[in-house]
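Just so you know, these numbers come straight off a predicted model, no measurement behind them. Counting starts at 1 for both ligands and their atoms, following the listed order. When a residue number appears, it is its place in the shown sequence, counting from 1.
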Amino acid sequence: MGFSTTAIHAGNEPDTATGSVSVPIYQTSTYKQDALGEHKGFEYARTQNPTRSALEQNIAALEGAKFGYAFASGMSAIDACLKLVKAGDHVILGDNTYGGTFRLFDKVLSNYGIEFDLVDTTEITQVEEAFKPNTKMVFVETPTNPVMSVTDLEGVSNIAHAHGAKVVCDNTFMSPYLQRPIEHGVDIVVHSTTKYLNGHSDSVGGFVALNNEKNAEWIQFVQNSVGAILSPFDSFLVLRGTKTLAVRMGKHNENGQAVANFLAEHPKVQKVYYPGLVSHPQHELAKKQQDGFGGMVSFETGSLNNAKKVLENVKIATLAESLGGVESLISHPASMTHASVPFEKRQELGITDGLVRISVGIEDIEDIIFDLDQALN
Ligand code: P1T
């Protein structure tokens with residue numbers, strides 16, 4: 001089955017009670033038992049909910065995974081993955097991730113005895129050198145938020161597996177339409193469904209997809225024990241969102257490339273970060289591993305003052321955190337999404353005070369470019 005057919009049909013079985021073509025929002029906390037211990041497979045709504053199950057089947061199928069679990073946020077999905085390691089274990093963490101992911105390791109997990117090192121995972125030799133006897137996991141984001149570095153998923157997976165470690169990939173920036181990490185050897189895929197999967201900036205959620213049965217049982221056990229589940233209404237919204245994922249991502253790709261090309265030629269822009277530009281250091285790898293370059297573009301304006309002028313003068317793009325919705329959003333990583341990353345590290349990565357990130361929406365491209373041009377000028 002093709003991607004669009006899977007997106008529209010996987011998990012979306014007509015409702016057995018009524019024939020409803022759209023999966024209903026099962027807004028209930030519990031389920032009637034016909035006799036003690038006799039039920040229809042649903043006991044309590046933290047543990048099982050039919051709307052959530054439909055979404056779990058849907059996104060798992062899109063990622064080419066046997067198992068999938070929907071969480072209350074991208075962060076709770078990432079936290080659930082990190083419950084596959086224990087106190088005393090070491091994790092190799094990509095040196096550029098969403099600021100909240102770094103903060104989770106730096107300020108929370110470190111209190112529970114989980115060791116980690118930040119590694120430039122775009123350099124396979126650096127990944128190889130970072131392994132310790134207690135390394136149990138490699139966690140990468142590709143392309144990264146916000147400087148769009150691309151990691152060779154197959155290369156990293158081969159090294160990690162040779163050391164007996166698991167690989168987790170945050171696939172939020174690509175969505176399964178543009179990249180399916182499991183096909184490249186990755187063990188576990190995480191998402192902030194808040195972004196492209198839901199696609200309409202009206203729900204916060206997360207997802208974990210994987211094939212290993214034992215690890216899947218543990219993720220499900222954590223989902224139920226900790227209880228950071230996606231609500232029935234949010235599950236409905238994301239399930240509605242994935243039906244149009246293919247058409248939306250096609251347009252995000254087109255508009256993303258057009259914005260990157262425009263910015264690369266603009267005299268007020270010093271540097272553009274977009275894997276679809278031939279000048280991007282991992283352009284060839286991105287071409288091989290991804291089915292498109294996506295809608296996220298970052299660019300260097302040279303100073304905080306210049307960045308402020310752009311951010312405060314755009315009229316179609318909205319100054320806001322988040323990404324992946326149909327509307328263009330523009331943000332300042334240094335003070336917004338990556339404020340929790342230490343100043344020196346931000347400079348090293350290119351997250352300067354002049355860096356602006358745009359989540360290119362699916363509005364008419366002429367309008368998006370006109371808007372950016374007038375704000376830059
Ligand atoms: O916000 P939440 O659904 O909890 O997802 C966290 C998260 C995880 N992974 C990546 C790659 C992300 O970009 C995010 C959230 N990012 C933003 C809010 C942002 O504006 O970058």
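- Annotation: Lys243, atom NZ; neighbour count of heavy atoms from other residues, nucleotides and ligands within 6.0 Å is above 12.
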N or O contacts of ligand 1 with protein under 3.5 Å, please list pair by pair.
residue	atom	partner	partner atom	Å
ligand 1	3 (O)	Gly74	N	2.9
ligand 1	3 (O)	Ser192	OG	2.8
ligand 1	3 (O)	Thr194	OG1	2.7
ligand 1	4 (O)	Gly74	N	3.0
ligand 1	4 (O)	Met75	N	2.9
ligand 1	5 (O)	Ser192	OG	3.1
ligand 1	9 (N)	Asp170	OD2	2.6
ligand 1	13 (O)	Asn145	ND2	3.0
ligand 1	16 (N)	Lys195	NZ	3.2
ligand 1	20 (O)	Ser322	N	2.7
ligand 1	20 (O)	Arg357	NH2	2.9
ligand 1	21 (O)	Asn145	ND2	2.9
ligand 1	21 (O)	Arg357	NH1	2.8
ligand 1	21 (O)	Arg357	NH2	3.4

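- Between Tyr31 and Tyr44, the gap from one ring centroid to the other reaches at least 6.0 Å.
- At a threshold of 4.5 Å between non-hydrogen side-chain atoms, the residues Lys132 and Asp117 count as touching.
- The aromatic rings of Phe131 and His163 sit parallel, their planes meeting at an angle under 30°, below the 60° perpendicular limit.
- Clustering of Ile, Leu, Val, Met, Phe, Trp and Tyr side chains at separations under 4.5 Å places Val297 together with Val259, Phe262, Leu263, Val269, Val272, Tyr274, Leu277, Phe293, Phe299, Val310, Leu311, Val314, Leu319, Ile330, Met336, Val356, Ile358, Val360, Ile365, Ile368, Ile369, Leu372, Leu376.
- Proximity of the aromatic rings of Tyr196 and His252 is defined here by a centroid distance below 6.0 angstrom, and this criterion is met.
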